[in-house]
Amino acid sequence: MDKMKEPTSVSSFSTSTAYFRALRDTPRRLAQRATSVTTTHEEMSRVRARSGSDMARTLRWPDLIGFGLGGMVGAGVFVSTGRAARLYAGPAVIVSYVIAGLCALLSAFCYTEFAVDMPVAGGAFSYLRVTFGEFAAFLTGANLVMEYVFSNAAVARSFTAYLGTAIGVATTEKWRITVAGLPEGFNHIDLLALAVVLLISLCICHSTKESSVLNMILTGIHLAFIFFIIIMGFWRGSFKNFTHPADPAKNNGGFFPYGISGVFVGASMVYLSYIGYDAVSTMAEEVKNPARDIPIGVSGSVAVVSLLYCLMAASMSMIVPYDAMDTEAPFSAAFSGSDGWGWVSRVIGVGASFGILTSLLVSMLGQARYLCVIARSNVVPVWLARVNPSTSTPVNASAFLGVFTASIALFTDLNVLLNLVCIGTLFVFYMVANAVIYRRYVVIGSTNPVPTITFLVCFSTISVIFTLIWQFSAAGRTKAVLLGGCIVAAIVVMQAFHLLVPQARKPEFWGVPFMPWIPSGSIALNVFLLGSLDRQSYVRFGFFSALAVLVYVLYSVHASFDAEENGHHLNTSQFDDTNDAGSLKV
């Protein structure tokens, strides 16, 4: 009788000699692991089993809509609306929110197809791992986790400021401790931000369902304040402010004072207010009926939030002319200077404070689940993948990121943090849109991937050219012709791909409609919004991406290789990927 094969490889990290030997073998290991993909079956079984206990399936679609609302309707809308309206879009910031909402909805469709097909906690990391391989998944996952950490730290710092508005105390001056020996931007200690992050970390470690209940309560209170703002705006405002600036001698009038280009720039700015819906997809492993609840929860929350944002922008534009808006706190400032209406400013501060708490709660739930699944793949220490058997939550990942986020929120100034967010999230949305097309049209081992790859490269190239022409060409007929040519080329490429390349798999429960048009639209919009960001955003993105590549080359690829050699990875060839053409029944 044949004996079972025993793992014989020595860990790459057991001794310094073993590690240097592993480094010398890096090219071969990269070739073996970087493009290695898993199957839906593996992600749902062996990979998930590395967490030990299962996460409890306790969530339904109302919980997911609650998480979506809580994650998106945070401090972003209170900050970005004034800046986008005053500097870029004017009253047409309403249209900016419509465009940004459409972009978010298209991306949400792509997330939904993956989440229904593969209801695991990894979100974009898992989706890219089964499509483009380990390295692409690690690079995007690492950027996304860092975005979560920095944005959560920024939101926690802003809680101190909004709480001060609510209670009428200059909390940023009185409650923060200045340390003279620390560099500027890192010398104001915020103990309240530290406490808020740690308390929320304890909550999400305890129970996902009870976290959902808390989120529903906080979100309900927050929405009441949102409706109060909308009602006050339509009551106290005037439709005249949609077309008449406060100073017509210096500023253009009309609904589009900065033109159509300003509307799109405004859309890229307010898109930050929609970030958070992707965290809902990380709850897929804890949903009772993924095929029904996830489409309603993800897409429904984006649609509801889009409507609320448009109403808020309209009320803001009615209260005060666009050229008189405060760029930092527009809603509060609109009432603080009005006789007898200063109390409304404090009410808005209370509402924003509740919004910050719900946003933090949902984002920290999402970031912990991302890290948990990244750890399941052995590219970060597997200790972070453990699910506590008592609470059925990823306690280790939640605690680790909670302490990390709290440490950054304690020292780092809000302006420093805000400059570090957004680009990584847009990049991940772009990658997921590409992945959903690739997965529909390519089955590894039985389908030629070249036509699909060619389409994705051509369409992304056209989108980049369109964005560059929009950003850098002078206004005029030539620019209009070039932009029109790009649009025609994109439509021709999409239609040719649609007619000539058949889909290799059909979703069993839920799929993105009008394939490949909707995910292609998501690709184009995300590229366009990425093109609207400043140079410094790309410098920071390049720095963090380079850091992620360095970690992958020096640690992750070797840990992953060791796990495979010791039998912790399945040999994916033993699965017939054609049987994975539909969704896994759950």
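- Side-chain contact between F138 and S560 is absent, with no heavy-atom pair separated by less than 4.5 Å.
- Although no hydrogens or angles enter the test, the distance criterion places a donor-acceptor pair under 3.5 Å between the side chain of Y258 and the main chain of R86.
- No side-chain heavy atom of P507 sits under 4.5 Å from any side-chain heavy atom of V116.
- Here the side chain of S460 pairs no donor or acceptor atom with the backbone of V457 at under 3.5 angstrom.
- Between C310 atom SG and I230 atom CD1 the span is 10.0 Å, to the nearest 0.5 Å.
- The distance from the CD1 atom of I294 to the CZ atom of F509 is 11.5 Å, given to the nearest 0.5 Å.
- S306 OG to I99 CD1: the interatomic distance, rounded to the nearest 0.5 Å, is 12.0 Å.
- Because its NZ or CZ atom is not both nearer than 6.0 Å to the ring centre of W61 and within 45° of the ring axis, K288 does not count as a cation-pi partner of that residue.
- Between W510 and F109, the ring-plane angle classifies as tilted under the 30° and 60° cut-offs.
- Using a 4.5 Å heavy-atom cutoff, the side chains of L426 and Y430 are not in contact.
- In this structure, the side chain of D63 engages the main chain of R60 through a donor-acceptor pair within 3.5 Å.
- Side-chain contact between L482 and W470: absent, with no pair of heavy atoms (C-beta onward) separated by less than 4.5 Å.
- Between Y127 and F114, the angle of the ring planes stays under 30°, which puts this pair in the parallel group of the 30/60° scheme.
- A salt bridge does not link R439 with E113: every distance from a Lys NZ or Arg NE/NH1/NH2 to an Asp or Glu carboxylate oxygen is 4.0 Å or more.
- Formation of a donor-acceptor pair under 3.5 Å by the R440 side chain with backbone atoms of A504 is not found in this model.
- With rounding to the nearest 0.5 angstrom, the CD1 atom of I523 is 11.5 Å from the CD1 atom of I462.
- Between F132 and Y438, the ring-plane angle classifies as tilted under the 30° and 60° cut-offs.
- Rounding to the nearest 0.5 Å places OG of S520 at 5.5 Å from CE of M494.
- Judged by distance alone, with hydrogens and angles left aside, the side-chain atoms of S301 form a donor-acceptor pair with the main-chain N or O of V298 at under 3.5 Å.
- Distance alone, capped at 3.5 Å, is enough to place a donor-acceptor pair between the S315 side chain and the M312 backbone.
- Q367 contributes atom CD, which lies 8.0 Å from atom OG of S398 (distance to the nearest 0.5 angstrom).
- Remark: F514 CZ is loosely packed, at most 12 non-hydrogen atoms of other residues, nucleotides or ligands lying under 6.0 Å away.
- Checking side-chain atoms of T405 against main-chain N and O of A153 turns up no donor-acceptor pair under 3.5 Å.
- Counting heavy atoms of neighbouring residues, nucleotides and ligands inside a 6.0 Å radius, atom CZ of F255 exceeds 12 of them.
- Ring to ring, F497 and Y441 are close: their centroids are under 6.0 angstrom apart.
- Between Y148 and Y370, the ring-plane angle classifies as tilted under the 30° and 60° cut-offs.
- Two residues are said to be in side-chain contact when any heavy atoms from C-beta on lie closer than 4.5 Å; V436 and Y111 fail this criterion.
- The shortest side-chain heavy-atom distance between Y309 and M72 falls under the 4.5 Å cut-off.
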Intermediate values then yes/no, side-chain hydrogen bond (donor to acceptor under 3.5 Å, both in side chains), R129 and S126: CA-CA 5 Å; R129 190 165 179 245; S126 295; over 6 Å; no

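- Not a single salt bridge (Lys or Arg N to Asp or Glu O under 4.0 Å) links D293 to another residue, sequence neighbours left out.
- In this structure, the side chain of S299 does not engage the main chain of I296 through any donor-acceptor pair within 3.5 Å.
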